[in-house]
**Student:** 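There's a structure below that I have some questions on.
Values in this document were obtained by computation on a predicted structure and should not be read as measured data.
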Amino acid sequence: MWSRHQGLQAENGQFLLEGEPLRILGGSMHYFRVPKEYWRDRMQKMKACGLNTLTTYVPWNLHEPQRGKFDFTGNLDIRAFLDIAAEVGLWVILRPGPYICSEWDLGGLPSWLLRDKDMQLRTTYKGFAQATESYFDNLIPRVIPHQYTRGGAIIAVQVENEYGSYAKDSNYMEFIKAALVRRGVVELLLTSDNKDGISSGSMEGVLATINFQKIEPILFSYLESIQSNKPVMVMEYWTGWFDHWGGDHHVFDVDQMVSTVSDILTKGASINLYMFHGGTNFGFMAGALHFHEYRADVTSYDYDAPLTEAGDYTSKYFKLREIFSKHYAEPLLPAPSLLPKGAYGPVKLKRSLSLWDILHLTGEPFKSEVPVNMENLPVNNGNGQSYGYTLYETVIYGGGKFQTKGHVRDRAQVFVSSQSVGFVDYKNQELDITEVPGYRKLRILVENCGRVNYGTRINDQRKGLVGDVFLRDVPLRNFRIYSLDMNSTFISSLNSVEWSDLSEEKTGPVFFQGALEIGLSPLDTFLSMKGWKKGVVFVNGKNLGRYWDIGPQETLYLPGTWLWPGVNEITIFEEEEAGSSLYSVDVPNLGRTQYVD
Ligand code: GLA
């Protein structure tokens with residue numbers, strides 16, 4: 001048993017825990033990306049790989065979905081997660097943000113912050129600072145008892161995340177640090193930056209750590225030059241990479257990974273594998289990047305990590321295990337057995353329902369002369385709409401050129417009298433609407449494809465229609481706006497209406513429902529969306545995430561723990577055209593691959 005007197009120290013070029021040298025062999029795994037029933041399994045696999053530390057972010061947007069309304073239950077039960085880590089015998093480095101980047105919508109910041117048109121995220125701007133304080137008032141007291149010196153697993157806490165790459169406010173990092181310390185964080189504090197960010201992201205009295213994928217000899221000497229006599233810690237050693245829609249599935253060469261990890265360890269440094277187990281961006285949580293162009297991240301966060309999205313071993317796992325095992329006098333625990341996968345065959349699609357027939361389920365539409373972005377809609381107790389789709393409806397006379405002038409975020413399908421006339425996005429900003437004398441209904445179904453999680457555009461992430469759209473150069477007016485966040489209450493309300501036979505509705509924005517029949521003990525499986533165009537899948541009301549035929553991802557991970565023995569309800573929201581079948585398969589397909597270079 002450890003006596004708990006002195007937490008992690010970073011002195012004389014090394015980490016000490018209770019005065020004993022500790023080499024951190026860490027791995028990232030995010031509780032919010034893995035079903036809670038599997039937390040222990042993944043952690044045991046981590047432990048058996050020779051890791052001694054687990055690293056997790058904390059997603060503010062999930063914990064405070066509406067201002068002042070907090071959720072730390074179920075899959076968000078961070079205390080249970082910390083307890084399991086302690087039981088499995090892993091130390092924890094907590095990364096509470098408030099900004100976490102992580103390919104997560106708005107870097108984990110709640111979208112309701114953007115209701116304030118002057119919002120300056122990641123600064124000491126009053127509106128952001130006050131919201132952060134209130135969030136920390138609710139989060140930090142929950143994790144305080146889990147600190148090392150209080151008998152828990154947390155040995156270090158990270159201040160913000162890669163602030164050096166943003167660095168908009170020189171008072172901000174001190175503000176976050178003080179907000180943590182004032183609430184009782186006593187363990188070692190650290191910052192985490194890439195090479196270019198370290199000089200402005202690091203701070204006095206806080207250990208600077210570094211993030212990279214390829215080692216450059218200069219990195220270590222550079223780190224030592226800004227903080228001499230401190231241990232070197234690679235806080236994010238990227239074991240793979242993430243994917244975006246329309247791109248390839250990234251893989252990172254296992255031998256290259258092994259050689260860099262060995263180099264890091266030979267240099268005496270500590271390491272955290274980002275990711276050790278990536279998991280899934282369930283729901284509408286995937287983030288996006290927008291540098292030259294806007295690119296939305298896919299649903300899977302497999303990351304080509306040592307454990308796959310579904311928690312299975314890869315060759316990276318076993319090679320790392322070999323390396324890490326040398327750091328222990330005793331042999332490592334045996335690697336736990338795999339969770340079997342099931343192939344349940346075809347999902348029997350039974351019925352369908354046009355989106356146009358269920359708009360009343362969203363309540364009265366909001367009437368507005370001008371378009372209003374989703375965050376500023378008067379829904380969700382004054383918090384606006386965060387995710388999903390928003391429908392803007394108006395009446396037009398005749399036809400002509402329809403122009404968005406860049407005001408569609410991020411993508412929309414346009415309909416005239418329920419007939420699709422095409423899609424608009426960042427690139428395609430015009431459509432021709434056939435000239436027909438008379439009044440017709442124009443519908444613009446806008447999808448929020450994910451807010452950027454990195455870069456300077458984070459304040460500019462309002463979604464829906466963010467300004468005027470035009471017909472024949474005249475701005476359209478008098479909208480009826482339907483908020484379609486497709487949350488679980490909405491999905492279950494679909495059962496209150498009458499559905500059509502499958503044959504009747506196949507195209508357009510349509511919901512499909514079917515049954516997935518499972519035996520007595522449900523296993524993990526993957527839904528193959530081959531043949532379907534674009535949409536979202538819900539299983540027993542849970543949002544599995546988006547699919548899109550531009551790839552790369554073709555299957556969606558469906559955790560067995562979310563299935564019931566017997567019949568399970570599958571609901572699909574398809575934007576364009578249904579596939580001819582839907583299959584449950586036992587092997588994932590994340591698409592054509594490309595090596596990260
Ligand atoms: C940075 C961030 C992480 C993640 C990785 C890329 O290092 O700190 O949150 O976004 O990039 O996967």
Side-chain angles (χ1 to χ4, degrees), residues 15 21-30 33-34 38-56 85 88-93 95 155 192 209-215 219-220 231-242 249-279 300-339 588 590 593 595-597:
F15 286 114
L22 174 74
R23 169 94 69 126
I24 297 172
L25 303 175
S28 289
M29 158 188 165
H30 302 142
R33 283 183 156 129
V34 180
Y38 297 157
W39 289 346
R40 188 181 298 271
D41 169 74
R42 311 305 196 246
M43 288 186 206
Q44 284 169 338
K45 288 171 175 163
M46 204 177 242
K47 182 82 180 169
C49 189
L51 301 189
N52 56 24
T53 304
L54 176 158
T55 308
T56 187
V88 172
L90 291 164
W91 301 122
V92 172
I93 298 177
R95 314 173 86 192
I155 53 169
S192 155
T209 66
I210 192 157
N211 304 338
F212 60 77
Q213 188 156 58
K214 297 215 176 103
I215 203 161
L219 290 176
F220 285 59
V232 172
M233 162 104 195
V234 182
M235 187 62 192
E236 290 184 22
Y237 171 66
W238 302 316
T239 56
W241 203 242
F242 56 90
H249 171 49
H250 289 105
V251 290
F252 181 57
D253 183 60
V254 54
D255 295 326
Q256 240 179 306
M257 184 207 72
V258 166
S259 112
T260 310
V261 170
S262 305
D263 270 8
I264 294 170
L265 296 177
T266 309
K267 288 184 185 339
S270 279
I271 188 171
N272 174 61
L273 305 164
Y274 187 100
M275 299 296 294
F276 176 78
H277 172 41
S300 169
Y301 201 59
D302 177 89
Y303 215 86
D304 195 32
L307 289 186
T308 66
E309 176 178 15
D312 292 341
Y313 300 116
T314 65
S315 58
K316 282 181 182 167
Y317 180 91
F318 293 107
K319 297 230 166 152
L320 286 167
R321 191 166 187 265
E322 227 175 281
I323 301 176
F324 293 141
S325 65
K326 299 187 186 118
H327 290 256
Y328 298 87
E330 302 285 310
L332 293 173
L333 293 169
S337 43
L338 290 173
L339 298 181
L590 296 178
T593 56
Y595 274 90
V596 182
D597 51 26

**Student:** Using the salt bridge (charged side-chain N to carboxylate O under 4.0 Å, His left out) rule, collect all pairs that involve residues 305-318, keeping only residues at least two apart or in two chains.
**Tutor:**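 Qualifying pairs, neighbours excluded: D304-K316, D312-K341.
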**Student:** Can you list everything that forms a ring-ring contact (aromatic ring centres under 6.0 Å, His included) with Y595? Sequence neighbours excluded, please.
**Tutor:**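 Per chain and number, Y595 pairs via ring-ring contact (aromatic ring centres under 6.0 Å, His included) with no residue.
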**Student:** Pick out which of T209, N211, T53, T55 makes a side chain to side chain donor-acceptor pair (under 3.5 Å) with N272.
**Tutor:** T55
**Student:** Can you tell me how far the OH atom of Y303 sits from the NE2 atom of H250, to the nearest 0.5 Å?
**Tutor:**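 One gets 10.5 Å once the value is rounded to the nearest 0.5 Å.
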**Student:** Parallel, tilted or perpendicular for F212 and Y237, by the 30°/60° rule?
**Tutor:**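 Perpendicular: the ring planes of F212 and Y237 meet at over 60°.
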**Student:** What heavy-atom pair brings G311 and H277 nearest, and what distance separates the two atoms?
**Tutor:** N-CE1, 3.7 Å
**Student:** Holding to side-chain hydrogen bond (donor to acceptor under 3.5 Å, both in side chains), I want the full list of residues that pass it with Y274, two or more places apart in sequence or in another chain.
**Tutor:**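 Y274 satisfies side-chain hydrogen bond (donor to acceptor under 3.5 Å, both in side chains) with S102, Y301 once adjacent residues are dropped.
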**Student:** Looking at side-chain heavy atoms only, is the closest gap between M46 and L54 below 4.5 Å?
**Tutor:** yes
**Student:** Would you call the rings of W238 and W241 parallel, tilted or perpendicular, where under 30° means parallel and over 60° means perpendicular?
**Tutor:** perpendicular
**Student:** Could you tell me whether the side chain of Q256 reaches within less than 4.5 Å of the side chain of Q213, counting heavy atoms only?
**Tutor:**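 A side-chain contact is absent here, since even the closest heavy-atom pair is not under 4.5 Å.
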**Student:** Looking at residues at least two apart in the chain, or sitting in another chain, which of them share a side-chain hydrogen bond (donor to acceptor under 3.5 Å, both in side chains) with Y38?
**Tutor:** D524
**Student:** Using the test side-chain hydrogen bond (donor to acceptor under 3.5 Å, both in side chains), find all partners of T239 that sit at least two apart in sequence or belong to another chain.
**Tutor:**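 T239 satisfies side-chain hydrogen bond (donor to acceptor under 3.5 Å, both in side chains) with no other residue.
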**Student:** Apply the test side chain to side chain contact (heavy atoms under 4.5 Å, CB included) to residues K267 and V234: give CA-CA distance (whole Å), side-chain angles for both, the deciding distance (0.1 Å), then the verdict.
**Tutor:** CA-CA 11 Å; K267 288 184 185 339; V234 182; over 6 Å; no
**Student:** Measure the shortest side-chain to side-chain distance between I155 and L22 over non-hydrogen atoms and say whether it is less than 4.5 angstrom.
**Tutor:** yes
**Student:** State which residues pass salt bridge (charged side-chain N to carboxylate O under 4.0 Å, His left out) with D253; sequence neighbours excluded, sorted by chain then number.
**Tutor:** none
**Student:** Using side-chain heavy atoms (C-beta onward) and a distance below 4.5 Å, is T314 in contact with V254?
**Tutor:**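 No, every pair of side-chain atoms sits at 4.5 Å or beyond.
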**Student:** Taking salt bridge (charged side-chain N to carboxylate O under 4.0 Å, His left out) as the definition, give me every residue that meets it alongside D302, ordered by chain and number, with sequence neighbours left out.
**Tutor:**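 Once residues adjacent in sequence are excluded, D302 has no partner under the salt bridge (charged side-chain N to carboxylate O under 4.0 Å, His left out) criterion.
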**Student:** Determine whether M43 and M29 satisfy the following criterion, side chain to side chain contact (heavy atoms under 4.5 Å, CB included), listing intermediate values before the conclusion.
**Tutor:** CA-CA 9 Å; M43 288 186 206; M29 158 188 165; 4.3 Å; yes
**Student:** Going by atom type alone, with no hydrogens or angles, which donor-acceptor pairs under 3.5 Å involve a side-chain atom of residues 319-336 and a protein atom two or more places apart or on another chain?
**Tutor:**
from, atom 1, to, atom 2, distance (Å)
K319, NZ, D255, OD1, 3.4
R321, NE, A48, O, 2.6
R321, NH2, L333, O, 2.6
S325, OG, R321, O, 3.2
S325, OG, E322, O, 2.7
Y328, OH, G50, O, 2.6

**Student:** Would a distance-only check, ignoring hydrogens and angles, find a side-chain to backbone donor-acceptor pair under 3.5 Å from K45 to L307?
**Tutor:** no
**Student:** Return yes if some donor-acceptor pair links the side-chain N/O of N52 with the main-chain N/O of R23 below 3.5 Å, else return no.
**Tutor:**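 Side chain of N52 to backbone of R23: a pair is present.
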**Student:** Taking salt bridge (charged side-chain N to carboxylate O under 4.0 Å, His left out) as the cut-off, I'd like each qualifying pair that reaches into residues 257-266, sequence neighbours left out, listed once.
**Tutor:** none
**Student:** Check C49 against F276 and note the closest heavy-atom contact, atom names and distance.
**Tutor:**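 Residues C49 and F276, closest heavy atoms: SG-CE1, 4.0 Å.
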**Student:** Side chain to side chain contact (heavy atoms under 4.5 Å, CB included) with T593: which residues, sequence neighbours excluded?
**Tutor:**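 Checked T593 against side chain to side chain contact (heavy atoms under 4.5 Å, CB included); matches are H249, V251.
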**Student:** Check ring-ring contact (aromatic ring centres under 6.0 Å, His included) between F15 and all other residues, then give those that pass, not counting sequence neighbours.
**Tutor:**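 Not a single residue meets the ring-ring contact (aromatic ring centres under 6.0 Å, His included) criterion with F15.
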**Student:** Check the pair Q44, R40 against side chain to side chain contact (heavy atoms under 4.5 Å, CB included), reporting the backbone distance first and the verdict last.
**Tutor:** CA-CA 6 Å; Q44 284 169 338; R40 188 181 298 271; 3.7 Å; yes
**Student:** Return the set of residues passing salt bridge (charged side-chain N to carboxylate O under 4.0 Å, His left out) with R42 (not counting sequence neighbours), or none when no residue passes.
**Tutor:** none
**Student:** Quick check: do T260 and K214 have side-chain heavy atoms less than 4.5 Å from each other?
**Tutor:** no
**Student:** Any heavy-atom pair between the side chains of L25 and L265 that's under 4.5 Å?
**Tutor:**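 Answer yes - side chains close enough.
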**Student:** Output the distance between atom CZ (R95) and atom OG1 (T56), rounded to the nearest 0.5 Å.
**Tutor:** 9.0 Å
**Student:** As a quick check of understanding, evaluate side chain to side chain contact (heavy atoms under 4.5 Å, CB included) for L51 and L273, giving each step before the final call.
**Tutor:** CA-CA 10 Å; L51 301 189; L273 305 164; 4.2 Å; yes
